[in-house]
Chemist: 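Here you go, one structure.
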Amino acid sequence: MSAPAWSERLTELGIELPDVVAPLAAYVPAVRTGNLVYSSGQLPIQGGELLATGKVGAEVSPEDAKALARVCALNALAAVHALVGVDSVVKIVKVVGFVASAPGFGGQPGVINGASELFGEIFGEAGAHARSAVGVSELPRNTPVEVEIIAEVA
């Protein structure tokens, strides 16, 4: 049985992987060890621009933050693709999402669903993953959300 052609699935969905976001400090976008690829934390950057700043539950709505988490997830997948190719992905193993949260905001899981749902759309059952959705007081560049992933690859 041949491996699924995830690149064809992306085309079917009308999803184009972005260019890999250049690291903002001393790290690389993704690292492979054995059959796992770990992405660095990815911000909602598109075309070199951070799409939003502020805290979720204050300056940024949960709905907007969910859309930003999807952008982060695409950036994480782009980092995996640049290292090993998207078609080598066997499974999305884990998603970790960080949400810069206003005091009293407890909707982190709903925000990070933006990433999780994207992986389900693309990979189906192979996109079902373990996850953490963590509320934090600050993130780099005052971004509302950051996502990292671990992917099993062939």
Chemist: Could you report the tightest heavy-atom contact between G57 and A102, atom names first, then the distance?
Modeler: C-CB, 3.8 Å
Chemist: Check for me, please, whether L118 and V111 land in the same ILVMFWY cluster - side-chain distances under 4.5 Å, paths through other members count.
Modeler: yes
Chemist: Which atoms form the tightest heavy-atom contact between A100 and L139, and what is the distance?
Modeler: N-CD1, 3.7 Å
Chemist: I need the minimum non-hydrogen distance between I112 and G97, along with the two atoms involved.
Modeler: CD1-CA, 3.6 Å
Chemist: Taking the side chain as every heavy atom from C-beta outward, state whether R70 and V145 have any atom pair closer than 4.5 Å.
Modeler: no
Chemist: At what distance, to the nearest 0.5 angstrom, does CD of E12 lie from CH2 of W6?
Modeler: 10.5 Å
Chemist: Hey, any chance L74 and V153 share a hydrophobic cluster, counting ILVMFWY side chains that come within less than 4.5 Å of each other, even indirectly?
Modeler: yes
Chemist: Strictly distance-based, threshold 3.5 Å: is any side-chain N or O of N35 a donor or acceptor partner for the main-chain N or O of A154?
Modeler: no
Chemist: Would you check, one step at a time, whether the test side-chain contact (heavy atoms from CB on, under 4.5 Å) holds for L68 with V56?
Modeler: CA-CA 11 Å; L68 294 169; V56 182; over 6 Å; no
Chemist: For the backbone of T53 and the side chain of R141, can you confirm whether one donor and one acceptor N or O come within less than 3.5 Å of each other?
Modeler: no
Chemist: With the 4.5 Å side-chain cut-off for hydrophobic clustering, are I92 and V31 part of the same group?
Modeler: no
Chemist: Determine whether R131 and N113 satisfy the following criterion, side-chain contact (heavy atoms from CB on, under 4.5 Å), listing intermediate values before the conclusion.
Modeler: CA-CA 10 Å; R131 188 179 88 176; N113 277 349; 2.8 Å; yes
Chemist: Tell me if the CD atom of E8 is crowded by more than 12 foreign heavy atoms within 6.0 Å.
Modeler: no
Chemist: Find out whether H81 and S7 are in side-chain contact, i.e. whether some heavy atom of one side chain is under 4.5 Å from a heavy atom of the other.
Modeler: no
Chemist: Quick check: closest heavy atoms across P144 and A52, and the distance to 0.1 Å?
Modeler: CD-O, 3.3 Å
Chemist: Do the side chains of P29 and S39 get nearer than 4.5 Å, heavy atoms only?
Modeler: no
Chemist: Are V93 and H129 side-chain neighbours, meaning at least one heavy-atom pair lies under 4.5 Å?
Modeler: no
Chemist: Among V20, V21, V147, which one satisfies side-chain contact (heavy atoms from CB on, under 4.5 Å) with N75?
Modeler: V21
Chemist: Go through the steps to decide whether K94 and L36 satisfy the test side-chain contact (heavy atoms from CB on, under 4.5 Å), and finish with yes or no.
Modeler: CA-CA 11 Å; K94 177 119 189 210; L36 297 175; over 6 Å; no
Chemist: Going only through I, L, V, M, F, W and Y residues with side-chain contacts under 4.5 Å, is there a path from L50 to Y27?
Modeler: yes
Chemist: Side-chain contact test, heavy atoms from C-beta onward, threshold under 4.5 Å: evaluate it for S101 versus V136 and give yes or no.
Modeler: no
Chemist: On a heavy-atom basis, which atom in T143 and which in P44 lie closest, and how many Å separate them?
Modeler: OG1-CD, 3.0 Å
Chemist: If we only count heavy atoms from C-beta on, is the R32 to V80 side-chain gap below 4.5 Å?
Modeler: no
Chemist: Measure across S88 and G85 and return the closest heavy-atom pair with its distance rounded to 0.1 Å.
Modeler: OG-O, 2.8 Å
Chemist: When rounded to the nearest 0.5 angstrom, what is the spacing between CG in D87 and CG in L10?
Modeler: 8.5 Å
Chemist: Answer whether the closest heavy-atom distance between the side chains of F123 and V86 falls below 4.5 Å.
Modeler: yes
Chemist: State whether K91 and E125 are salt-bridged, where the test is any N-O pair (Lys NZ or Arg NE/NH1/NH2 against Asp/Glu carboxylate O) under 4.0 Å.
Modeler: no
Chemist: Given side chains that start at C-beta, do those of L24 and L43 come closer than 4.5 Å, heavy atoms only?
Modeler: yes
Chemist: Cluster question for you: counting only ILVMFWY and a side-chain heavy-atom cut-off of under 4.5 Å, with indirect links fine, are I15 and V89 together?
Modeler: yes
Chemist: Any chance you could lay out the side-chain contact (heavy atoms from CB on, under 4.5 Å) test for I122 and L77, step after step, and finish with the verdict?
Modeler: CA-CA 11 Å; I122 297 169; L77 189 58; 3.9 Å; yes
Chemist: Which residues satisfy the salt bridge (Lys or Arg N to Asp or Glu O under 4.0 Å) test with K66, sequence neighbours excluded?
Modeler: E117
